[in-house]
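Order of appearance sets the numbers: ligands from 1, and atoms from 1 within every ligand. Only heavy atoms go into these numbers, but all of them, side chains included; no hydrogens, no water, no symmetry mates.
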Amino acid sequence: MAGTKKIILANPRGFCAGVDRAIAIVDKALDKYGAPIYVRHEVVHNKYVVDDLEARGAIFIEDIKDVPENSILIYSAHGVPLSVRMEAAAKNLRMIFDATCPLVNKVHVELKTLHRQGYAIVMIGHKNHPEVEGTMGQVDGNIFLLETESDIATLPLPRDIEKIAVVTQTTLSVDETKSIIEKLKTTFPNLRLPKNEDICYATQNRQDAVKKMATICDLLIVIGSKNSSNSNRLKELAENLGVKSYLIDFASEINEEWLKTTNTVGVTAGASAPEVLVEGVINKLKTYGFNSIETLTTIEEHMVFALPGELRA
Ligand code: SF4
């Protein structure tokens with residue numbers, strides 16, 4: 001006999017402080033200066049957010065060459081390489097706002113210090129991800145990308161190298177990264193670890209919540225876009241723990257078939273997915289008989305990042 005159909009809602013879920021700040025920068029710049037506002041790369045990796053800002057006059061570009069003189073430019077939350085900053089500075093732009101998450105910026109600062117001190121740097125992250133391009137692009141050479149544990153053997157560095165340090169992308173799998181760093185330490189005994197964890201609090205907290213949810217849910221719906229690194233990690237984590245999981249942008253993607261044998265469905269959202277999409281998913285699930293909703297709180301988040309002075313109030 002089928003039991004009560006229940007939704008378990010993860011808390012924390014959705015927007016982190018860095019995403020909140022980045023979206024607010026574009027939003028307030030549009031309000032204050034009017035359209036168009038140019039944004040280098042999707043300000044955050046979420047289709048709903050990007051479409052909404054685009055409709056209001058934001059123009060998302062990849063190449064600084066596509067920004068006309070005298071325009072206002074905003075860098076996305078993922079950060080930009082120094083070459084992009086230099087190219088933008090050489091143009092006659094009206095204003096530049098930096099929506100790089102302060103936690104990504106923290107990694108940039110640490111990386112530049114290590115590079116100045118002569119360290120070879122290994123960056124754990126995903127190739128072609130804008131955050132990785134931005135972070136690796138803070139320095140000129142002597143930095144190596146590591147995507148998986150098996151890549152360690154291909155690093156062109158002597159095992160007894162004295163000055164070697166590791167930094168990571170902020171949105172990786174906490175467990176997988178820990179295991180890669182342990183193997184890296186065995187291979188390079190002098191490896192210097194980051195002063196504080198590079199994986200950010202929001203990534204850690206959303207993964208911790210999914211771990212708990214996996215013990216009580218039959219299925220997990222992750223709301224987030226396909227290009228959102230932290231959202232993909234949530235789906236992966238649930239599946240590694242034996243819980244079928246789907247990553248969706250919108251409630252309309254929910255397939256009734258997924259729910260046929262499900263009594264308890266978990267719902268979470270990646271750090272760039274707005275709450276309005278969570279509401280849409282809950283409403284859709286209600287139409288399939290999931291009328292009982294419980295929130296599973298694993299930690300309270302209170303992080304807030306300040307806006308640039310010109311955009312406050
Ligand atoms: S996921 Fe983490 S690093 Fe990325 S914007 Fe949010 S707080 Fe910043």
Side-chain angles (χ1 to χ4, degrees), residues 10-28 39-50 53 60 74-81 97-111 123-126 128-138 166-178 194-210 222-237 247 268-275 277-278 298-308 311:
N11 180 38
R13 62 175 180 276
F15 279 8
C16 59
V19 162
D20 227 13
R21 174 178 180 270
I23 296 172
I25 289 176
V26 183
D27 183 58
K28 288 186 183 290
V39 185
R40 201 260 180 188
H41 195 73
E42 293 187 353
V43 66
V44 300
H45 283 160
N46 185 268
K47 186 169 165 35
Y48 177 92
V49 170
V50 167
L53 292 172
F60 295 94
I74 299 176
Y75 300 137
S76 81
H78 313 95
V80 290
F97 292 106
D98 189 358
T100 304
C101 176
L103 300 181
V104 172
N105 213 32
K106 180 199 78 141
V107 180
H108 290 185
V109 170
E110 186 175 1
L111 171 71
M123 171 155 200
I124 304 174
H126 299 290
N128 298 329
H129 188 281
E131 183 189 326
V132 171
E133 288 176 352
T135 302
M136 292 188 72
Q138 297 304 307
V166 61
V167 298
T168 83
Q169 193 176 334
T170 55
T171 51
L172 299 178
S173 151
V174 173
D175 295 336
E176 200 187 326
T177 306
K178 208 166 146 198
K195 261 191 269 154
N196 298 302
E197 289 291 309
D198 289 338
I199 293 181
C200 75
Y201 79 99
T203 299
Q204 170 89 55
N205 291 349
R206 280 150 194 69
Q207 289 179 20
D208 287 348
V210 164
V222 179
I223 302 157
S225 289
K226 303 287 180 280
N227 59 348
S228 159
S229 173
N230 80 88
S231 304
N232 276 290
R233 303 294 80 77
L234 297 177
K235 173 185 186 294
E236 244 170 48
L237 175 60
L247 176 63
T268 187
S272 43
E275 191 60 15
L277 301 178
V278 177
T298 40
I299 195 167
E300 298 286 350
E301 289 182 346
H302 303 285
M303 189 82 82
V304 179
F305 296 135
L307 290 173
L311 297 176

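- Of the listed residues (Lys106, Glu131, Gln204, His78), just one forms a side-chain hydrogen bond (donor to acceptor under 3.5 Å, both in side chains) with Thr170, and that residue is Glu131.
- Results of the side chain to side chain contact (heavy atoms under 4.5 Å, CB included) test with Asn205 over Thr298, Asn11, Ile299, Val210 single out Ile299 as the only residue that passes.
- Contact annotation: for Cys101 versus ligand 1, heavy atoms closer than 4.0 Å belong to the side chain alone.
- Enclosure of atom NZ in Lys178 is not indicated, since only 12 or fewer non-hydrogen atoms of other residues, nucleotides or ligands lie within 6.0 angstrom.
- Near Thr170, the atoms of ligand 1 lying under 4.0 angstrom from a non-hydrogen atom of the residue are 3 (S).
- For ligand 1, the atoms sitting less than 4.0 Å from at least one non-hydrogen atom of Cys16 are 1 (S), 5 (S), 6 (Fe), 7 (S), numbered in the order shown with element in parentheses.
- Counting only distance, with no hydrogens or angles, the side chain of Arg21 and the backbone of Ala17 share no donor-acceptor pair below 3.5 Å.
- Heavy-atom contacts of Cys200 reach the following atoms of ligand 1: 1 (S), 2 (Fe), 3 (S), 7 (S) (cutoff under 4.0 Å).
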